[in-house]
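Below you'll find the structure, written out as structure tokens, and then a few comments.
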Amino acid sequence: MADTKNILSEEKDGVLYLTVNRESKLNALNFATLEEIRNIFNEVSDNKDIKAVMITGSGEKAFIAGADISEIVELNELNARKFAENGQEIFDLIENCHKPVIAVVNGFALGGGCELAMACHMRVATANAKFGQPEVNLGIIPGYGGTQRLTHLIGRGKANELMMTGDMIGADEAKNLGLVNYVMPTKAEAMEKAEEIVLKIMSKAPLAIGMIVDCVNAVYTSEENGFQTEANSFARCVKSGDYKEGTSAFLEKRKPVFKGE
Ligand code: COA
């Protein structure tokens, strides 16, 4: 895995565990950390041994408390657009990853932290998780895709409220709004729940999982006809050995063994 200073990575049984490791700064995303995320996800796509990714933050207090404000203060009109586009590009890599990516949200997921969690395919939160887009308190708006992903996930009215007030919400409210899939009492239990989900997904046909990612993301891509993407992806699945294996196994009353081919 790419050489990283701010992210701990460990691969175990096909799962890549990533931990944003700037605990003294509540795991705030500085430029260096973002670049490390870019490098990691580029590698994840090519690495056949990695079947799934889980991302969490170091410690119990924060998942990620946002973009690093000490770097935001340096922005000017010229580089601010690049700042946002760069973050968007990196989070798109997560969202478009053909392997399942689950955020285990332990504590504060604010600003860029909430945006990173939303770029993941699913979110499992601890009971002490807090979500918010507090950029308005700094005189700015979310810039790493948050205005779009939050609106898609929880709807326009509530997204407007959270972004305009800068208020935080707790884990249970986030679950009620559809922002998180599960809330678990502790970080250890949240990790276990996320593992249970990835293990189940890893037993399915990997090509089909990648196609689901493409089709679901097509819903949110205005220039793409998602139904066409679905039909094309469906046809690609049928060309695969996994399709033959899945259908044969059903008819032969045995468990399929998928190879991702
Ligand atoms: N960027 C840079 N540093 C951050 C940070 C961020 N987004 N969030 C927290 N930190 C740093 C603090 O400056 C502090 O560092 P220090 O000990 O060197 O002074 C350390 O993390 C601990 O944070 P602190 O504010 O003391 O913790 P708290 O428990 O009192 O408050 C928060 C926690 C999350 C409510 C508060 O840190 C906060 O509001 N952070 C900013 C959230 C934000 O606006 N994010 C969006 C940025 S676009």
Side-chain angles (χ1 to χ4, degrees), residues 4-8 18-38 55-95 103-120 123 125-154 158-174 177 179-180 183 186-187 190:
T4 54
K5 262 177 54 193
N6 301 302
I7 298 186
L8 304 174
L18 300 176
T19 306
V20 181
N21 190 31
R22 299 185 74 221
E23 197 175 343
S24 66
K25 297 290 173 194
L26 303 188
N27 304 318
L29 291 177
N30 57 4
F31 298 132
T33 308
L34 275 178
E35 280 314 303
E36 290 180 8
I37 294 174
R38 182 202 300 280
I55 307 180
T56 193
S58 191
E60 300 283 336
K61 189 170 171 182
F63 173 66
I64 295 167
D68 192 317
I69 297 172
S70 68
E71 292 183 341
I72 287 183
V73 291
E74 305 290 333
L75 292 178
N76 58 46
E77 204 182 330
L78 289 177
N79 59 22
R81 183 194 299 267
K82 183 75 198 133
F83 168 90
E85 286 172 350
N86 185 55
Q88 289 178 8
E89 197 178 283
I90 293 167
F91 287 7
D92 281 353
L93 286 177
I94 300 176
E95 187 171 65
V104 175
V105 180
N106 51 310
F108 292 112
L110 303 176
C114 187
E115 290 173 297
L116 189 148
M118 291 192 293
C120 295
R123 287 145 291 282
T126 55
N128 74 334
K130 287 210 172 347
F131 295 82
Q133 295 291 161
E135 290 85 349
V136 73
N137 297 326
L138 304 172
I140 50 175
I141 63 170
Y144 292 167
T147 60
Q148 306 303 294
R149 291 196 178 95
L150 188 64
T151 308
H152 290 145
L153 276 166
I154 69 173
K158 213 56 198 172
N160 272 328
E161 182 186 333
L162 287 187
M163 288 187 279
M164 289 182 186
T165 62
D167 282 350
M168 293 184 211
I169 55 169
D172 289 332
E173 187 174 357
L177 289 170
L179 186 53
V180 304
V183 178
T186 63
K187 187 172 177 184

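Here the structure is a predicted model, which means the values were calculated and not measured. The figures that follow rest on heavy atoms only: side chains count, while hydrogens, waters and symmetry mates do not. Order of appearance sets the numbers: ligands from 1, and atoms from 1 within every ligand.
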Residues 141-150 side chain polar contacts: donor-acceptor under 3.5 Å, at least two apart:
{"residue": "Arg149", "atom": "NE", "partner": "Glu95", "partner atom": "OE2", "Å": "2.7"}
{"residue": "Arg149", "atom": "NH2", "partner": "Asp92", "partner atom": "OD1", "Å": "2.8"}
{"residue": "Arg149", "atom": "NH2", "partner": "Glu95", "partner atom": "OE1", "Å": "3.0"}

Does any donor atom in the side chain of Asn21 or Thr19 lie under 3.5 Å from an acceptor atom in the other side chain? no
With the side chain counted from C-beta on, respond yes when Arg38 and Glu89 share a heavy-atom pair under 4.5 Å apart, and no when they do not. yes
Is any side-chain heavy atom of Met163 less than 4.5 Å from a side-chain heavy atom of Val136?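 Counting from C-beta outward, Met163 and Val136 never come under 4.5 Å.
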Non-hydrogen protein atom less than 4.0 angstrom from [atom]:
{"atom": "atom 19 (O) of ligand 1", "value": "no"}
{"atom": "atom 38 (C) of ligand 1", "value": "no"}
{"atom": "atom 31 (O) of ligand 1", "value": "no"}
{"atom": "atom 26 (O) of ligand 1", "value": "no"}
{"atom": "atom 6 (C) of ligand 1", "value": "yes"}
{"atom": "atom 13 (O) of ligand 1", "value": "no"}

Min N/O separation [X] to ligand 1 under 3.5 Å:
{"X": "Lys25", "result": "yes"}
{"X": "Ile72", "result": "no"}
{"X": "Ile69", "result": "yes"}
{"X": "Ser70", "result": "no"}

Run the numbers for me: atoms of ligand 1, each under 4.0 Å from some heavy atom of [X], listed by number.
{"X": "Asp68", "result": "1 (N), 2 (C)"}
{"X": "Leu110", "result": "34 (C), 42 (C)"}
{"X": "Pro134", "result": "43 (C), 44 (O), 45 (N), 46 (C)"}
{"X": "Lys61", "result": "27 (O), 28 (P), 29 (O)"}

Indicate yes or no for a side-chain donor-acceptor contact from [X] to the backbone of [Y] under 3.5 Å, with no hydrogens or angles considered.
{"X": "Asn106", "Y": "Ala62", "answer": "yes"}
{"X": "Lys187", "Y": "Gly59", "answer": "yes"}
{"X": "Arg22", "Y": "Ala28", "answer": "yes"}
{"X": "Thr151", "Y": "Ala159", "answer": "no"}

Starting from atom 22 (C) of ligand 1, find the nearest protein heavy-atom neighbour and note its residue, name and distance.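 Atom 22 (C) of ligand 1 sits closest to the protein heavy atom Leu26 CG, 3.8 Å.
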What's the shortest distance from atom 17 (O) of ligand 1 to any protein heavy atom, and which residue and atom give it?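 Minimum-distance protein heavy atom for atom 17 (O) of ligand 1 reads Ser24 O, 4.3 Å.
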Which segment of Ala62 sits under 4.0 Å of ligand 1 when only heavy atoms are counted: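 Near ligand 1, Ala62 shows nothing, with every heavy atom at 4.0 Å or more.
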Enter the distance from Phe131:CZ to Asp167:CG here, rounded to the nearest 0.5 Å.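 The CG atom of Asp167 is 15.5 Å from CZ of Phe131, to the nearest 0.5 Å.
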Suppose we screen for side chain to side chain contact (heavy atoms under 4.5 Å, CB included). Which residues come up paired with Glu161, at least two apart in sequence or across chains?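 Side chain to side chain contact (heavy atoms under 4.5 Å, CB included) check on Glu161 returns Lys158, Thr165.
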salt_bridge(Glu85, Lys82) N-O dist < 4.0 Å: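 Not counted as a salt bridge, because no side-chain N and carboxylate O are separated by less than 4.0 Å.
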Closest by any non-hydrogen atom to atom 40 (N) of ligand 1: pick that one out of Gly132, Ala65, Gly66. Ala65
